[in-house]
Number of protein chains: 2
Amino acid sequence: MSSGVVYIVDDDEAIRDALAWLFQSRGVTVETFASAETFLAGWSAQRCGCLVLDIRMDGMTGPELFDRLLDLGSCLPVIFLTGHGDVPMAVSAMKKGARDFIEKPFNDNDLVDKVIEALIWDSARRESDAGAASVAARLDSLTQRERQVMDLVLAGRLNKVIADDLGITMRTVEVHRAHVFEKMGVRTAVELATMLSRTR
Amino acid sequence: MSSGVVYIVDDDEAIRDALAWLFQSRGVTVETFASAETFLAGWSAQRCGCLVLDIRMDGMTGPELFDRLLDLGSCLPVIFLTGHGDVPMAVSAMKKGARDFIEKPFNDNDLVDKVIEALIWDSARRESDAGAASVAARLDSLTQRERQVMDLVLAGRLNKVIADDLGITMRTVEVHRAHVFEKMGVRTAVELATMLSRTR
DNA sequence: GGACCGATTGTGGATTACCGCAATGGTCGC
DNA sequence: GCGACCATTGCGGTAATCCACAATCGGTCC
């Protein structure tokens, strides 16, 4: 079973409890919230999992919460549940990146399968993001000059050409180049190019 | 105005004519089809543009045509039009990659804007695909040995290590390496890595 | 059989990359 | 003022890459 929690946001307590029971019976960790505002109050970018979100609620609606989360930079996968379908809203949500949009009544197993799939996806995305953050941090540690040299190295230029371009000696290019490789944790320009292309 | 044609598929002649007139008045080239089968009979992967597709038609339906096109490997952007929304169908189409799903009645300018956007997108995608095809053709021209050497070069290995790995001399590695660079049209391993990462 | 292609190898020389060791000058923070 | 950091430079030497020229062998196709 993959890591992560299912966050259920629905103002109908019976629905919340039924869904909680359903997921727990499939071994999935659950947290429930009676309102979008409650969920939002405890929101953190570190939350791992999947959000199952009802459309219609008192106060902030499901789509409004979704928009708010997008504004906050959340990448948490979102599955909408709705009792009364509305095509423009469904299409809008999907275009904004919602994972799914499911009408009630739905098949229990279908929903849980989709949620588990979303949990797996979220887990993989977090892992990939962590790698990207590590590379970004290393890029941030480069000095301005090192960055300039790196860009020209990645453009395939010879050291002597880089020296001409920047108006410095080849030895200085070599020094910066070596610093770049050291800080980025690579030994060759190919490794560097490959590393950066994987985190674009 | 971007290149490409709007293909309108709808069994209602009045709708077809009205849409044709609308797009022509905005300077967009149009072709109309009275049925999915008619469109499919003339289909080719070289078609550039955007497909505006009615959901309900006699014979093959819009979604059925969409599925058929996906099976054929079509990347043509598709915008669905429908008089009676159906959430599961809309969500399913969006998940399969439809560009939009619009209910009638719609705002004329909205539709044309969305179609023009899709034409621009299609044009950029074709350009990118052409580049990828060119690279793929060059990769196909490599001999088996050249391919082996290339993979190890891209792994950042020294020529002498590659020679050891493959049980050949360094000179032979150099020869294959040079052939790879020549066939791929690059001068350095970095250029090669970059080229390949852009077409993954 | 002959032509062609791919894989392989060697020689010798030129170019490029890499780096230890050493040094200078400028800027910034304590 | 002092230390840390950055940018820069030079010297000398080693390692790696690149390649013209030349050649052999085996497999495939006409």
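Per chain, numbering begins at 1; letters A, B, ... match sequence-line order.
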Handout entry: Given DNA chain C, 5'-ward residue of the pair B:S141 and B:G167, judged by closest heavy atom
Key =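 Checking each residue's closest nucleotide, the 5'-ward one belongs to B:S141.
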In whole Å, I'd like the distance from the [atom1] atom of [X] to the [atom2] atom of [N].
{"X": "A:H176", "N": "C:dC19", "atom1": "NE2", "atom2": "P", "result": "15 Å"}
{"X": "B:K183", "N": "C:dG6", "atom1": "NZ", "atom2": "C1'", "result": "9 Å"}
{"X": "B:H179", "N": "C:dC5", "atom1": "NE2", "atom2": "C1'", "result": "11 Å"}
{"X": "A:M170", "N": "C:dA17", "atom1": "CE", "atom2": "C1'", "result": "8 Å"}

To the nearest 0.5 angstrom, please state how far the [atom1] atom of [X] sits from the [atom2] atom of [Y].
{"X": "A:F80", "Y": "A:M94", "atom1": "CZ", "atom2": "CE", "value": "10.0 Å"}
{"X": "B:R177", "Y": "B:L152", "atom1": "CZ", "atom2": "CG", "value": "10.5 Å"}
{"X": "B:L51", "Y": "B:W43", "atom1": "CG", "atom2": "CH2", "value": "11.0 Å"}

Handout entry: Exercise: do A:S134 and A:R138 side chains pair donor with acceptor under 3.5 Å
Key = yes
Problem - Side-chain donor-acceptor pair present, B:R147, B:Q144, cut-off under 3.5 Å - result: no
Residue [X] excluded, over 12 heavy atoms near [atom1] under 6.0 Å:
{"X": "B:D58", "atom1": "CG", "value": "no"}
{"X": "A:R187", "atom1": "CZ", "value": "no"}
{"X": "A:K104", "atom1": "NZ", "value": "yes"}

Problem - Range on DNA chain D touched by chain A - first to last nucleotide, heavy-atom distance under 4.0 Å - result: D:dC6 to D:dC11
Output one line per pair: protein atom, nucleotide atom from nucleotides 20-22 of chain C, and distance, for all N/O pairs under 3.5 Å.
unit_1, atom_1, unit_2, atom_2, d
C:dG20, N7, A:R171, NH2, 3.4
C:dG20, O6, A:R171, NE, 2.8
C:dG20, O6, A:R171, NH2, 3.0

Completion exercise
Regarding the side chain of B:I168, the nearest nucleotide among C:dG6, C:dT8, C:dA17 is C:dT8
Practice task
Look at B:T143 and C:dG6 and indicate whether a side-chain polar atom (N or O) is within less than 4.0 Å of OP1 or OP2.
Solution key: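 For C:dG6, OP1/OP2 do not have a side-chain N/O of B:T143 under 4.0 Å.
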